[in-house]
Amino acid sequence: MQNDLEEVLSSYEQLITSINDNIPFISEPISFLGIEFTIAEVVLPVVFLILINLLGNLVRSFLINKVLGKYIEDRKTILSIGNTTKYIILFFGLLMALTAIGIDKDSSLNFALSKTGENPLMFFELLRVIFLLILLIFLSGKLKIIFVKQIMSRYSDDLGVNQSIGTIFQYTAVLIGGLIIIQSTIELGSLNVLAGALGVGIGFGLQNIANNFISGLIILFERPIKVGDRIEVGQVTGDIVRISSRATTVSTNDNISIIIPNAEFISKPVINWSHSGRNIRFHVPVGVAYKEDPAHIKSILLGIATKHPDVLQTPAPDVLFTEYGDNSLNFDLLVWTSTYINKPTVLKSQLYYLIFEKFKEHNVEIPFPQRDIHIKTGNVVSQK
């Protein structure tokens, strides 16, 4: 591959020379930042990038319309793969264009960032590592989407499990790929100074980030929570929609996204409504007057719960006679549901509406607080 690149660059230099020899007005040298170049050396890379962009669009269109549709059903995944392929072509085209115009390791713009060691860290080497790491993170994110939606979905219907495995897959790819990129691009000895500074930075300024990252790994491997779970932590109640390396995104019933640091889920008590399943039991307290028959009240409440479409019949609903209250006989209607796990108040409201109508139909009295006031009369003895 190195020989092929050298041949391409040699052909490019021959083309530049030919243009400069045959078109005099664009062969005049121009100096900028100590670098001399001609108009042709500027125009040709721009034309090359335009052609690369056209090639990327053609490949993207071919993949989306001719190839990927035969194997992948999700339109978003198809578009994501097509766009990613185009960006990769543009990225390597840009690298070739920069190399062609002389912005490479031998350029005067390339300088040493550290003076220690036999192989100092060069500026372009650092830029190359940063570009490759960004590309690696970008590609690993796209591969995670494909892995979760196209592979894991065939073997598991649990979205939370699939997302956890996909995230672990992404982190592993980034870790291994990052080590390969750094070792193949930079002499590790030239990183001693930067590594020492980075260690100090982590020790003092990045403690919370490191804490949240490690907490995120614990969450992914231990899985006390996962995407799709209904949770309560602190004053926040909602559904988990995303677990990232630093924080977890929770969506409330008002469609408000709350970003919670991962360390909160490790250091504080967390209520997970759906940890062991989506079937949840709700309590619906009901009070009636003392003159009512408890057996009749139980029959009415069970009839309402049995006919509600979102109340599970297995386990069956039940009614408990909880206490003799100050002003009422108190019952607790117990119902199971799997559809209103994230909207318990809505289900209770629907049941209360039905209970009110049935009590009204059967002339069941709903009590209100009553107080007896005793007024004592008599002579008031004055004191001197």
Side-chain angles (χ1 to χ4, degrees), residues 74-77 79-80 141 144-145 148-149 152-153 156-167 170 208-209 211-213 215-220 222-287 301 304-305 307-312 315 317 332-357:
D74 185 33
R75 182 66 178 175
K76 291 183 178 180
T77 303
L79 293 175
S80 179
K144 172 192 171 184
I145 296 174
V148 171
K149 292 187 176 181
M152 291 302 302
S153 60
S156 174
D157 295 330
D158 193 327
L159 178 61
V161 173
N162 296 345
Q163 288 285 353
S164 297
I165 296 176
T167 303
Q170 180 185 11
N208 290 334
I209 294 178
N211 184 22
N212 289 320
F213 178 76
S215 299
L217 293 178
I218 294 174
I219 290 173
L220 290 174
E222 188 178 316
R223 294 181 59 244
I225 59 174
K226 59 184 182 297
V227 174
D229 281 353
R230 180 73 176 184
I231 60 97
E232 291 183 26
V233 55
Q235 302 297 320
V236 177
T237 301
D239 299 320
I240 295 178
V241 296
R242 184 171 181 265
I243 300 176
S244 64
S245 58
R246 188 194 66 83
T248 295
T249 303
V250 177
S251 179
T252 68
N253 287 351
D254 297 324
N255 199 28
I256 298 173
S257 295
I258 300 178
I259 313 300
I260 303 176
N262 288 329
E264 296 290 313
F265 295 96
I266 302 300
S267 60
K268 292 185 178 180
V270 178
I271 300 175
N272 190 339
W273 287 51
S274 52
H275 185 263
S276 57
R278 300 291 295 182
N279 294 351
I280 299 296
R281 188 174 73 175
F282 291 136
H283 297 254
V284 184
V286 178
L301 295 177
I304 293 171
K307 293 179 181 179
H308 195 285
D310 291 297
V311 173
L312 298 177
D332 194 7
L333 173 61
L334 308 178
V335 295
W336 290 83
T337 183
S338 60
T339 54
Y340 278 85
I341 182 174
N342 58 342
K343 296 179 289 185
T345 305
V346 175
L347 179 60
K348 289 183 179 181
S349 175
Q350 294 176 0
L351 291 174
Y352 276 132
Y353 274 119
L354 295 174
I355 290 171
F356 183 85
E357 293 296 329

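Residues L347 and H308 share a closest heavy-atom pair of CD1-CE1, 3.6 Å. When all heavy atoms are compared, the tightest approach of V284 to D332 is N-OD1, 3.4 Å. Taking each heavy atom of V227 and V241 in turn, the nearest pair found is CG1-O, 3.9 Å. The shortest non-hydrogen separation linking A305 to L333 is CB-CD1, 4.2 Å. Minimum heavy-atom separation, S257 to T249: CB-CG2, 4.1 Å.
Contact annotation: the side chain of T167 approaches that of K144 to within less than 4.5 Å [non-hydrogen atoms, C-beta and beyond]. Between H283 and L334, the closest side-chain pair of non-hydrogen atoms falls below 4.5 Å. The closest side-chain heavy-atom distance from I231 to F265 is below 4.5 Å. In this structure, the side chains of S274 and I341 come closer than 4.5 Å at one or more pairs of heavy atoms. When side chains are defined from C-beta on, V311 does not count as touching T337, because their heavy atoms never get closer than 4.5 Å. For the pair T248 and E264, the minimum side-chain heavy-atom distance is 4.5 Å or more. A 4.5 Å side-chain heavy-atom check between I304 and E357 finds every atom pair outside the cut-off.
One finds the OG1 atom of T345 at 11.5 Å from the NZ atom of K343 (value rounded to the nearest 0.5 Å). With rounding to the nearest 0.5 angstrom, the CG atom of N212 is 11.0 Å from the CG atom of L217. In this structure, CD1 on I266 lies 6.5 Å from CD on E222, to the nearest 0.5 angstrom. Within the model, atoms CD1 of I243 and CG of N262 stand 7.5 Å from one another, a figure rounded to the nearest 0.5 Å. The line from OG of S251 to CZ of R242 is 14.0 Å long, rounded to the nearest 0.5 Å. Considering CD1 of I271 and OG1 of T237, their distance stands at 7.5 Å, rounded to 0.5 Å.
No side-chain donor-acceptor contact under 3.5 Å links N279 to the backbone of S338. Between the side chain of S215 and the backbone N or O of N211, at least one donor-acceptor pair lies under 3.5 Å. For the pair R230 (side chain) and N342 (backbone), a donor-acceptor distance under 3.5 Å is present. The main-chain N or O of P224 is found under 3.5 Å from a side-chain atom of N272 such that the two form a donor-acceptor pair.
Aromatic ring orientation, W273 versus F282: tilted (interplanar angle from 30° to 60°).
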